[in-house]
Amino acid sequence: MSAMSASFTVAPVRHAQAIRRSRKATGKVSVRRGVVAKAVEAAPKLVTTKSEAIFKAAQDILPGGVNSPVRAFKSVGGGPIVFDKVKDAYCFDVDGNKYVDYVGSWGPAICGHSNEQVNAALKAQIDKGSSFGAPCELENVLGQMVIDRVPSVEMVRFCNSGTEACLSVLRVMRAYTGRDKIIKFEGCYHGHADPFLVQAGSGVATLGLPDSPGVPKAATNTTLCAPYNDLEAVKKIFEENKGEIAGVILEPVVGNSGFIVPDKEFLEGLREITKAEGALLTFDEVMTGFRIAKGCAQEYWGVTPDLTTMGKVIGGGLPVGAYGGRRDIMDVVAPAGPMYQAGTLSGNPLAMTAGIETLKILGEPGSYEHLDKITKRLIEGILEAGREAGHEVCGGSISGMFGFFFCEGPVRSFADATKSDTDKFARWHRGMLEEGVYLAPSQYEAGFTGLKHTEEDIDFTIAAAKRVMARI
Ligand SMILES: Cc1ncc(COP(=O)(O)O)c(C=O)c1O
């Protein structure tokens, strides 16, 4: 826990606007790297009494008090905020505080939280049943929408999470090629299945674990790791493992080491090498899918992989994963082919409904233009606030995904990302929380915007960023 944790429960403040109205400048002047900062305002007071009580109780019930590690705020300290409800671009905690939300349930909330259109369709569907365990037409509808939008996908299989999609696609790559080895990249996360828990970015990096105990060596000794954006390293691995590599999997824009953009030539090079070596290329678009562009990151980059994994957005807030690709490859999946993969709740009607409505909304004209415009303005505002206050910062955005690091940059790999000042990030994170802005509680996570973020939300956030950057 950082030192921040000591200083965050004080007088009651209900709303971010109220926080701003009650703030007083201290007049303190700080000097940083030769830059004379402006008068620094004191941090507004944030009351989190109920959050603390609930989280304390949770620690006796759930391991670490959470059901997914990064939610525990371990790398930024201060204790997590316990949510009461979410709506549009905002989340509300159990103490009555309101925040502009840039986590969006870790990606799914791209149409805004608790979207009316999605909710109405879900309400209508729930009366017809929440799980069939039998074919339903909604699976065809969402499947066809995915096929129509995603260049690499000719057939798709729905499952229940991104983890499940990635572990299934790994089996497809192996079944189709008859080879065992795979290449992944340092800092890329593909869910928590054993073979991927090698240099796996965000959650694992946040906890400072090199790998996870409980993963047998046998499960990872066919996983070969290369630095991101390093085509020569990939070529070398192929040379050293001639005829043994089933495929290459990567995030086509990294969000699990913070926000890292690939060189287009890197992706094109991977496409060429895999083709030449008889291996398959998989884009893990669990995070980037339908967020970077209507046809996912592969459309944005103009590079078509053989296989694609999806999750998050495609479930519109319900648990969904999916994998798809070329018809001749997907034909190995049972019962069309011999490769076994199944799921009791896979393709369930509620998840399909939320996905269909979400993709419909995203398909409306102007959706991605809005995401791109507000997110660019947001990240530029944050970077400018950082530089004005004398911090080394670098970062960027594509469509509704963004991130920045507290270092000079450029950040092109996980090794570069680790040069960021994570203590400063922790102070930034807590400072923004106090200002009514909810950001991912780790340097190694990307941020997300959605269609309900307004220009006013961005103004509000940039103004907060200026105050926080000045006092951290
Ligand atoms: C790129 C990527 N792949 C896979 C996963 C795993 O998805 P899930 O958490 O739904 O299991 C994630 C989760 O954040 C992800 O970002």
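Both backbone and side-chain heavy atoms feed into the values below; hydrogens, waters and symmetry mates do not. Ligands are counted one by one from 1 in listed order, and the atoms in each one are counted from 1 as well.
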Sub-4.0 Å atoms of ligand 1 with respect to non-hydrogen atoms of Ser161:
10 (O), 11 (O)

Nearest non-hydrogen protein atom to atom 9 (O) of ligand 1, with distance, is Thr163 OG1, 4.5 Å

Regarding Asp306 and Arg271, does a basic nitrogen lie under 4.0 Å from an acidic carboxylate oxygen?
yes

Does this structure show an ion pair linking Lys235 with Glu272, if we count only N-O contacts that are shorter than 4.0 Å?
no

Is the closest basic N to carboxylate O distance between Lys181 and Glu244 below 4.0 Å?
yes

To which protein heavy atom is atom 16 (O) of ligand 1 closest, and what is the distance rounded to 0.1 Å?
Asn256 ND2, 3.0 Å

Salt bridge or not between Lys56 and Glu52? Use side-chain N to carboxylate O under 4.0 Å.
no

State plainly whether the residues Lys360 and Glu357 are in salt-bridge range, i.e. N to O under 4.0 Å.
yes

Under 3.5 Å, is there a donor-acceptor pair between the Asp93 and Ser51 side chains?
no

Looking at every non-hydrogen atom in both residues, tell me the closest pair between Gly258 and Phe405 and how far apart they are.
CA-CZ, 3.8 Å

Location of contacts on Tyr189 toward ligand 1, heavy atoms closer than 4.0 Å:
both

Give the atom numbers and elements of ligand 1 that come within less than 4.0 Å of a heavy atom of Glu251.
1 (C)

Quick check: His190 and ligand 1, any N/O pair under 3.5 Å apart?
no

Under 4.0 Å from any heavy atom of Gly162, which atoms of ligand 1 are there?
6 (C), 7 (O), 8 (P), 10 (O), 11 (O)

For ligand 1, which atoms sit closer than 4.0 Å to a heavy atom of Val286?
2 (C), 3 (N), 4 (C), 5 (C), 7 (O), 12 (C), 15 (C)

Identify the closest protein heavy atom to atom 3 (N) of ligand 1: which residue and atom is it, and at what distance?
Asp284 OD2, 2.6 Å

Within ligand 1, which atoms have a heavy atom of Lys312 less than 4.0 Å away?
13 (C), 14 (O), 16 (O)

With a 4.0 Å cut-off on N to O distance, would you call Arg430 and Glu434 a salt bridge?
no

Show me which atoms of ligand 1 lie under 4.0 Å from any heavy atom of Met287.
16 (O)

Which of the numbered atoms in ligand 1 are below 4.0 angstrom from a heavy atom of Gly191?
4 (C), 5 (C), 6 (C)

